[in-house]
Amino acid sequence: MGNKATIGIEDKNYEFDFVKGSEGEVAIDISSLRNKSNVITIDPGFKNTGSCKSAITFLDGEKGILRYRGYSIEELAENADFLEVAYLLIFGNLPNQEQLDQFLFDIKEVSIVDEDLKKILESFPKSAHPMGILSSLTSALVSFNPSVADIDSKEEMYSAIIKILAKVPIIVAWVYRKGKGLSLGYGDYSLGYVENITKMMFKRPNKEYIQNDIIVSAINKLLILHADHEQNCSTSTVRIVGSSHAGLFASVSAGISALWGRLHGGANQAVIEMLESIEKDGGDTKKFMAKAKDKSDPFRLMGFGHRVYKNFDPRAKIIKIEADKVLNELGIKDSILEIAKGLEKEALSDHYFIDRKLYPNVDFYSGIIYKALEIPNEMFTVMFALGRLPGWIAQWKEMREMKDPIGRPRQIYIGENHRSFVDLELR
Ligand code: SDX
């Protein structure tokens with residue numbers, strides 16, 4: 001490959017530099033295209049367009065590779081604690097014991113939420129979707145922590161990071177407990193990060209809480225697997241909102257809303273609803289496979305397909321094994337796990353899916369574990385957001401530290417040409 005890209009427009013050729021990544025990826029830097037040629041590019045869904053340079057997460061969609069700061073997702077899921085992974089994503093390296101202890105201490109010190117936030121929570125109707133509540137309360141946190149609105153120094157950045165990591169889990173627990181009609185409490189200062197989240201969610205007011213290590217381990221692994229995924233829809237939202245210098249909490253609140261969509265994080269809820277409807281319909285997976293392939297039918301096989309992965313999503317492989325393990329250890333038999341496995345088996349031998357390289361993604365099996373932990377379907381995407389929080393933080397921090405320009409795409413106008421105003425009585 002030469003050291004310049006050439007684009008010919010009409011009778012002129014324009015040259016552009018290549019940008020090469022540390023894993024051999026190559027991009028054409030077209031930042032001077034419009035100035036040179038008065039022409040722009042257009043790429044709906046940004047399928048061929050990079051928005052930034054990033055050192056946080058590497059994906060190889062063809063090979064099904066996912067790495068956080070160079071560490072494979074398989075090794076991290078097997079060996080790490082979620083808070084270690086959060087530290088790795090945000091600060092770039094795995095913490096030593098002293099750094100991890102200090103990080104957890106700093107988080108614990110601010111693990112409280114203003115009681116008035118409960119009044120906002122109580123004002124939501126019982127029918128409110130947990131993702132809408134989570135996004136609203138995350139944004140509302142700024143009103144109770146005004147110092148996080150404007151981040152201009154390393155100290156202010158660290159303080160905002162610690163606060164959002166401390167307070168969002170409390171809100172997640174409150175949203176879960178409100179749905180169950182349970183009292184809203186605080187964590188246990190003596191516990192680790194994931195242990196504390198689990199206790200905040202599952203502690204019953206009328207009996208002593210006994211930690212179930214199977215549940216803590218499963219949640220730890222699921223949070224790690226969801227922690228970051230380069231420039232997905234919600235992370236791109238966090239970056240572009242943050243590029244206007246909106247605060248971290250406001251940017252994450254926007255990311256939560258983007259994740260809510262059923263084509264993105266909302267798919268984990270949609271998968272379980274799909275599997276439950278297949279079971280209710282008699283378990284005829286072939287009928288639903290046919291619907292998924294029928295272009296006239298809006299039905300899609302939720303939890304299948306991915307913009308980047310054209311091979312197995314490595315996270316889906318891990319979660320599938322974890323689902324079997326957790327259900328066995330908890331002594332739960334769930335017929336929809338068998339339906340999911342049956343769908344996967346059929347899809348992987350069906351040319352429609354093979355030709356389009358559609359494989360199970362992170363959302364296909366995760367809901368089966370959440371269901372086994374008695375987490376309601378509507379809370380599944382909230383659990384996804386809890387896992388993705390450190391990734392959003394890391395990406396937002398990188399965008400601000402790299403001083404990326406405000407995100408403001410161009411467009412191609414296809415509307416009316418100039419026309420003069422016509423008085424009402426003449427229309
Ligand atoms: C997440 O980006 C990320 O990294 C996201 C994520 C993360 O960690 O942040 O990994 C999390 O969002 C995972 C994806 C969860 N969404 C779903 O499971 C919803 C179901 N999947 C699809 O809607 C779809 O696969 C997307 C949205 C995930 C990807 O869509 P693309 O890349 O825009 O692909 P496409 O819609 O253009 O599909 C290409 C073809 C089309 O058929 P043809 O027009 O070529 O005939 O594949 C078909 C689609 O109709 N297709 C499906 C399908 N997914 C794609 N057909 C049936 N069922 C599906 N699930």
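If you read the sequence from its start, that first residue is 1, and numbering goes on from there. Order of listing sets the numbers, starting from 1, for every ligand and every atom in it.
- Remark: distances from the non-hydrogen atoms of Lys295 to ligand 1 include one below 4.0 Å.
- The aromatic rings of Tyr359 and Phe312 lie tilted to each other, with the angle between the two planes from 30° to 60°.
- Put simply, the side chain of Asp363 never gets that close to the backbone of Gly303: no donor and acceptor are under 3.5 Å apart.
- Scanning the protein heavy atoms around atom 19 (C) of ligand 1, the nearest turns out to be Met302 CE, 3.6 Å.
- Under the 30°/60° scheme for interplanar angles, the aromatic rings of His226 and Tyr370 are found to be tilted.
- Of the polar atoms of Leu263, at least one N or O is found under 3.5 Å from an N or O of ligand 1, judged by distance alone.
- Taking a distance limit of 4.0 Å, we find that atom 13 (C) of ligand 1 is approached by some protein heavy atom.
- Closest to atom 52 (C) of ligand 1, if we only count protein heavy atoms, is Leu358 CD1, 3.6 Å.
- Close contacts of ligand 1 with Ala267, meaning ligand atoms under 4.0 Å from a residue heavy atom, involve 15 (C), 16 (N), 17 (C), 18 (O).
- Residue contacts with ligand 1 include Gly303, since one of its heavy atoms falls under 4.0 Å from the ligand.
- Distances from atom 49 (C) of ligand 1 to the heavy atoms of Arg356, Arg300, Met274 put Arg300 nearest.
- The aromatic rings of Trp174 and Tyr186 sit perpendicular to each other, their planes meeting at more than 60°, with 30° as the lower class boundary.
- Stacking of Arg307 on the aromatic ring of Tyr309 is not recorded, the 6.0 Å distance cut-off and the 45° axial limit not both being met.
- For ligand 1, one of its N or O atoms has an N or O atom of Phe304 under 3.5 Å away.
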Stepwise salt bridge (Lys or Arg N to Asp or Glu O under 4.0 Å) check, Asp284 with Lys286:
CA-CA 6 Å; Asp284 179 2; Lys286 289 197 181 338; over 6 Å; no
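- Not a single heavy atom of Val308 sits less than 4.0 Å from an atom of ligand 1.
- Less than 4.0 angstrom separates atom 46 (O) of ligand 1 from at least one non-hydrogen atom of the protein.
- The distance from ligand 1 to the heavy atoms of Asn232 drops below 4.0 Å at these ligand atoms: 2 (O), 3 (C), 4 (O), 5 (C), 9 (O).
- When each atom of ligand 1 is checked for a heavy atom of Arg388 under 4.0 Å away, the hits are 7 (C), 8 (O), 9 (O).
- Phe91 and Tyr158 have tilted rings, their planes meeting at an angle from 30° to 60° on a 0 to 90° scale.
- Close N/O approach between Leu301 and ligand 1 is found [any backbone or side-chain N/O within under 3.5 Å].
- Remark: Lys36 qualifies as a cation-pi partner of Phe16 under the 6.0 Å distance and 45° angle criteria applied to the six-membered ring.
- The single protein non-hydrogen atom nearest to atom 15 (C) of ligand 1 is Asp363 OD2, 3.2 Å, given as residue, atom name and distance.
- Set against the non-hydrogen atoms of Lys47, the atoms of ligand 1 under 4.0 Å away are 33 (O), 37 (O).
- The protein heavy-atom contact nearest to atom 28 (C) of ligand 1 is Gly305 O, 3.7 Å.
- Under a 4.0 angstrom heavy-atom cut-off, Lys293 registers as lying outside contact with ligand 1.
- Among the atoms of Lys310, none of the N or O lies under 3.5 angstrom from an N or O of ligand 1.
- The part of Tyr352 lying near ligand 1 is the side chain, judged by heavy-atom distances below 4.0 Å.
- Nearest protein heavy-atom neighbour of atom 10 (O) of ligand 1: His306 NE2, 2.6 Å.
- Heavy atoms of Val271 found under 4.0 angstrom from ligand 1: none, in either backbone or side chain.
- Thr138 places a side-chain N or O within donor-acceptor distance of the main-chain N or O of Leu134, the cut-off being under 3.5 Å.
- Annotation: Phe249 is not in aromatic contact with Trp396 [ring centroid separation under 6.0 Å not met].
- Against a heavy-atom cut-off of under 4.0 Å, Arg307 is close to the following atoms of ligand 1: 29 (C), 31 (P), 32 (O), 33 (O).
- Contacts between His264 and ligand 1, counted as non-hydrogen atom pairs separated by less than 4.0 Å, involve both the backbone and the side chain.
- Heavy atoms of Arg315 come nearer than 4.0 angstrom to ligand 1 in at least one pair.
- Checked against a 3.5 angstrom limit, the closest N/O atoms of His229 and ligand 1 fall inside it.
- Looking at Asp150, its side chain never comes within 3.5 Å of a backbone N or O of Val148 through a donor-acceptor pair.
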Tell me, with the steps shown, if Glu122 and Lys118 meet salt bridge (Lys or Arg N to Asp or Glu O under 4.0 Å).
CA-CA 6 Å; Glu122 294 314 325; Lys118 286 183 183 174; over 6 Å; no
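- Residue contact check: Ala292 has heavy atoms under 4.0 Å from atoms 57 (C) of ligand 1.
- One finds a salt bridge joining Lys341 and Asp324 here, because a Lys/Arg side-chain nitrogen approaches an Asp/Glu carboxylate oxygen to under 4.0 Å.
- Side-chain atoms of Lys221 do not come within 3.5 Å of backbone N or O of Glu78 as any donor-acceptor pair.
- Between Lys317 and Glu74 there is no salt bridge, since no side-chain nitrogen of the basic residue lies less than 4.0 Å from a carboxylate oxygen of the acidic one.
- A donor-acceptor distance shorter than 3.5 angstrom exists from the side chain of Asn232 to the backbone of His229, with no hydrogens or angles considered.
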